[in-house]
Participant: 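Here's a structure for you.
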2 protein chains.
Amino acid sequence: MATIYQVSEAAGVSLATVSRVMNGNAKVSERTRKKVEDAMASLGYQPNAIAQSLASNRTNSVGLLVSELHGSYFGDLMSTVEHVLKENGKHVIITAGHVDEEREHEAIEFLKSRRCDALILHAEAVSDDYLKKLVESKVPVVVINRKVDELDQNCFVVDNVKGGYLATKAAIDAGHTKIAYISGPLFKKDASDRLAGHKKALEEAGLTFDNKSLFEGDFHESTGQEGMQHLQATFPDFTALVCANDEMASGAMTAAREAGFDIPNQLSIVGFDNVLFSRYLYPKLTTINNPIHAMGEMAAYWVLEHVYDIKSPIPIEHLFVPEVVDRDTLGNL
Amino acid sequence: MATIYQVSEAAGVSLATVSRVMNGNAKVSERTRKKVEDAMASLGYQPNAIAQSLASNRTNSVGLLVSELHGSYFGDLMSTVEHVLKENGKHVIITAGHVDEEREHEAIEFLKSRRCDALILHAEAVSDDYLKKLVESKVPVVVINRKVDELDQNCFVVDNVKGGYLATKAAIDAGHTKIAYISGPLFKKDASDRLAGHKKALEEAGLTFDNKSLFEGDFHESTGQEGMQHLQATFPDFTALVCANDEMASGAMTAAREAGFDIPNQLSIVGFDNVLFSRYLYPKLTTINNPIHAMGEMAAYWVLEHVYDIKSPIPIEHLFVPEVVDRDTLGNL
DNA sequence: CTACTCAATGTAAGCGCTTACAAAATATTT
DNA sequence: AAATATTTTGTAAGCGCTTACATTGAGTAG
């Protein structure tokens with residue numbers, strides 16, 4: 001592998017000059033630039049990014065932490081972030097935290113040890129304190145889908161309370177009054193926020209929340225099925241079921257179908273997230289749009305602006321509002 | 001950020017000694033190890049991976065190229081590879097090539113410039129020649145889902161011909177004789193292989209392949225819908241439809257339903273890949289299992305064994321065989 | 001023609017580590 | 001106790017770049 005030294009020799013110039021034509025910042029005469037470029041081409045020279053980073057203290061790469069590498073939600077997030085960053089010549093290093101405090105911690109330390117210029121974190125397990133310390137330290141950090149007190153400027157979140165509210169409100173507006181709910185794991189802020197929104201909508205409509213109408217799932221498909229089965233026993237004759245995400249809604253639909261329900265005529269179902277496959281389901285799932293795409297984009301723009309001095313093409317916002325995506329699983333009563 | 005130098009000072013030892021306790025290879029007396037570790041802890045020392053890499057010529061990270069960062073197929077691949085590599089203390093740097101020759105090329109160059117210890121590539125657009133050159137160069141390379149002549153030892157592939165064959169054979173065994181086919185983009189090897197398998201199964205059953213029974217899609221959902229609509233006109237009254245992947249099968253199901261078909265009673269559908277959401281569909285999709293998980297795992301083990309001298313727990317194999325996943329969309333005639 | 005600018009290039013000191021080799025400290029043998 | 005082997009530690013030379021600063025060489029003004 002050719003080094004900058006060999007290029008400088010072949011071109012008959014100094015190291016510094018080669019470096020200058022590589023980076024295109026300082027001025028170099030046309031003639032020497034040509035010489036250097038020819039030398040590079042003929043040697044098949046490829047700069048060593050590691051050495052560049054060490055010397056310049058810039059890696060041109062930003063770290064992205066997600067909970068999992070699979071799943072539509074994170075797929076969308078990774079895609080979006082990569083897209084806007086790559087468009088601006090920056091690279092993304094992706095790691096997974098698996099919703100486990102230690103592993104998230106490790107993943108973040110890895111990104112730091114890799115000297116990423118900035119971090120974009122979808123961190124669920126690590127503590128608020130840890131995140132605060134991180135922000136106070138040198139690395140620019142942005143947090144997605146989690147609101148940390150005192151870190152408003154670094155957080156990009158969707159209004160989950162409002163989302164939960166909208167989902168249930170949609171069911172109420174369609175005439176439903178006996179509404180069941182399958183939540184996510186309630187120790188997670190987004191899960192509890194969505195449930196809070198659900199309760200708020202009920203209350204506003206003069207309906208009382210019944211503990212028996214609630215099943216706590218884990219955001220995975222299987223607990224949607226379990227939840228549906230469980231609720232049939234504990235809270236019979238509900239006409240609408242609101243689920244805290246699309247995976248669980250899908251599971252619930254399967255269970256409902258197996259139990260002989262016609263969707264949406266006998267049972268309405270509303271999801272949350274509007275992940276890609278929600279429109280492949282049959283019937284197509286009515287759900288709440290989680291603007292993960294917009295958030296990822298915004299986080300990337302924030303980084304460009306704050307770390308690389310590249311102006312964001314859109315104003316930076318921190319709160320995103322969800323909205324109802326009306327499809328085929330919510331019927332009028 | 002503390003450096004090794006500060007640690008050595010705080011501990012009252014030399015740089016070399018600190019480096020030794022960090023890497024745990026050479027022997028260090030218990031007493032000095034303790035001193036160094038204390039110094040590290042109190043300084044919150046974190047080694048600079050960039051500097052380590054430059055000095056040692058080892059990055060402990062392997063590059064992974066996928067076509068997209070979203071989608072179940074790549075999600076599975078990334079997850080699997082990351083899992084086994086991380087278990088062995090190695091890191092993964094993921095990039096996307098977007099099935100575009102230039103972007104794939106760039107992505108690979110990025111990984112090389114990042115001095116990855118090895119590359120795992122799901123490269124679709126780049127030429128065979130380029131891959132051969134890559135393998136001949138210093139970087140250890142492994143190719144997933146693509147067979148390159150003379151590179152057998154570096155390729156991990158599924159037998160797509162067999163998969164295509166099995167899909168159609170399943171339909172034939174269920175009594176179907178008029179079978180339509182929606183292929184992937186035929187310039188892609190996997191798409192044409194699957195189609196070849198389809199034709200082989202027809203031939204073997206004494207059925208003749210009719211060009212009108214074929215629609216060339218692009219592996220995305222929408223072309224499944226289009227294909228279904230198109231085929232109804234060009235090749236009416238087919239009773240089974242085989243699709244070259246699950247996304248298109250899903251699209252075809254939607255279109256079929258809109259056209260009033262009952263699946264599987266009036267129309268049978270078979271997919272390919274067995275991606276996660278194929279079992280969320282209604283009816284649950286009968287499909288061909290694409291052992292992407294096994295391939296990713298194997299590729300990772302290959303890297304561990306060949307690059308890091310960590311013995312693979314299972315024998316390295318290069319050819320994977322697909323099999324039918326019998327669910328609810330294939331009916332008997 | 002000399003003095004002075006300013007652009008183009010070169011020199012050399014790091015960036016934070018690893019690692020061959022040398023030196024010192026300790027253990028073993030006789 | 002001296003001689004030797006062995007373990008532990010230190011010294012210093014890089015790894016391939018960037019960049020502050022010094023130098024050179026034109027170009028311009030007087």
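Keep in mind that what you see is a predicted model, and the values were worked out from it rather than measured. The sequence lines fix the lettering, A, B, ..., with proteins before strands; numbering per chain opens at 1.
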Participant: Testing the basics here: between Leu304(A) and Asn88(A), what is the closest heavy-atom pair and its distance to 0.1 Å?
Facilitator: CD1-ND2, 3.3 Å

Participant: Run the side-chain contact (heavy atoms from CB on, under 4.5 Å) test against Asp128(B) and tell me which residues pass, sequence neighbours left out.
Facilitator: Arg146(B), Val148(B)

Participant: What is the distance from NZ of Lys27(B) to C1' of dT26(C), rounded to the nearest Å?
Facilitator: 15 Å

Participant: Per the end-axis method with five pairs at each terminus, what is the bend angle of the helix from dC1(C)-dG30(D) to dT30(C)-dA1(D), to 10°?
Facilitator: 40°

Participant: Taking side chain to side chain contact (heavy atoms under 4.5 Å, CB included) as the criterion, tell me which of Asn48(B), Asp117(B), Asn60(B), Thr59(B) meets it with Ser53(B).
Facilitator: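 Testing Ser53(B) for a side chain to side chain contact (heavy atoms under 4.5 Å, CB included) against Asn48(B), Asp117(B), Asn60(B), Thr59(B) leaves exactly one candidate, Thr59(B).
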
Participant: Could you state the atom-to-atom distance from CE of Met1(B) to P of dG16(C) in whole Å?
Facilitator: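 Distance check: Met1(B) CE to dG16(C) P gives 11 Å.
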
Participant: Rounded to whole Å, how long is the line connecting atom CD1 of Ile50(B) with atom C1' of dG16(D)?
Facilitator: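 One finds 13 Å between C1' of dG16(D) and CD1 of Ile50(B), rounded.
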
Participant: Are OP1 or OP2 of dG16(D) and a side-chain N or O of Thr3(A) less than 4.0 angstrom apart?
Facilitator: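 Answer no for this pair, as no side-chain N or O of Thr3(A) is under 4.0 Å from OP1 or OP2.
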
Participant: Just to verify, what does Tyr73(B) make a ring-ring contact (aromatic ring centres under 6.0 Å, His included) with, not counting sequence neighbours?
Facilitator: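 Listed in chain order: His122(B).
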
Participant: Check the interface with nucleotides 18-22 of chain C: list each N/O to N/O pair with the protein under 3.5 Å, or write none.
Facilitator:
from    : atom 1 : to       : atom 2 : distance (Å)
dT18(C) : OP1    : Asn23(B) : OD1    : 3.4
dT18(C) : OP1    : Asn23(B) : ND2    : 3.1
dT18(C) : OP1    : Gln52(B) : NE2    : 3.3
dT18(C) : OP2    : Ser19(B) : OG     : 2.5

Participant: Which comes earlier along DNA chain D counting from the 5' end, the contact point of Arg115(B) or that of Ser14(B), where each point is its nearest nucleotide?
Facilitator: Ser14(B)

Participant: Can you sort out which residues in residues 29-48 of chain B have a heavy atom within less than 4.0 Å of DNA chain D? Ascending by number, please.
Facilitator: Ser29(B), Thr32(B)

Participant: Just list the side-chain donor-acceptor pairs under 3.5 Å for residues 129-142 of chain A, sequence neighbours left out, or say none.
Facilitator:
from      : atom 1 : to        : atom 2 : distance (Å)
Tyr130(A) : OH     : Glu109(A) : OE2    : 2.9
Lys132(A) : NZ     : Glu150(A) : OE2    : 3.4
Ser137(A) : OG     : Leu134(A) : O      : 2.7

Participant: For His306(A), look at atom NE2 and say whether over 12 heavy atoms of other residues, nucleotides or ligands are found less than 6.0 Å away.
Facilitator: yes

Participant: To the nearest angstrom, how far is Glu9(A) atom CD from dG10(C) atom P?
Facilitator: 13 Å

Participant: For the CG atom on Asp152(B), are there more than 12 heavy atoms of other groups (residues, nucleotides or ligands in this structure) within a distance under 6.0 Å?
Facilitator: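 Above 12, so yes.
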
Participant: Measuring only between side-chain heavy atoms, which start at C-beta, is Val157(A) closer than 4.5 Å to His318(A)?
Facilitator: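 When only atoms from C-beta onward are counted, His318(A) and Val157(A) do not touch, as no gap falls below 4.5 Å.
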
Participant: Under 3.5 Å, is there a donor-acceptor pair between the side chain of Glu82(B) and the main chain of Thr95(A)?
Facilitator: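 Between the backbone of Thr95(A) and the side chain of Glu82(B) there is no qualifying donor-acceptor contact (under 3.5 Å).
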
Participant: Would the distance check show the side chain of Glu305(A) and the main-chain N or O of Ser312(A) forming a donor-acceptor pair, the cut-off being under 3.5 Å?
Facilitator: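 Present.
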
Participant: Got a sec: does the CD of Gln46(A) have more than 12 other heavy atoms crowding it under 6.0 Å?
Facilitator: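 Yes, the 6.0 Å shell around CD holds more than 12 heavy atoms from other groups.
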
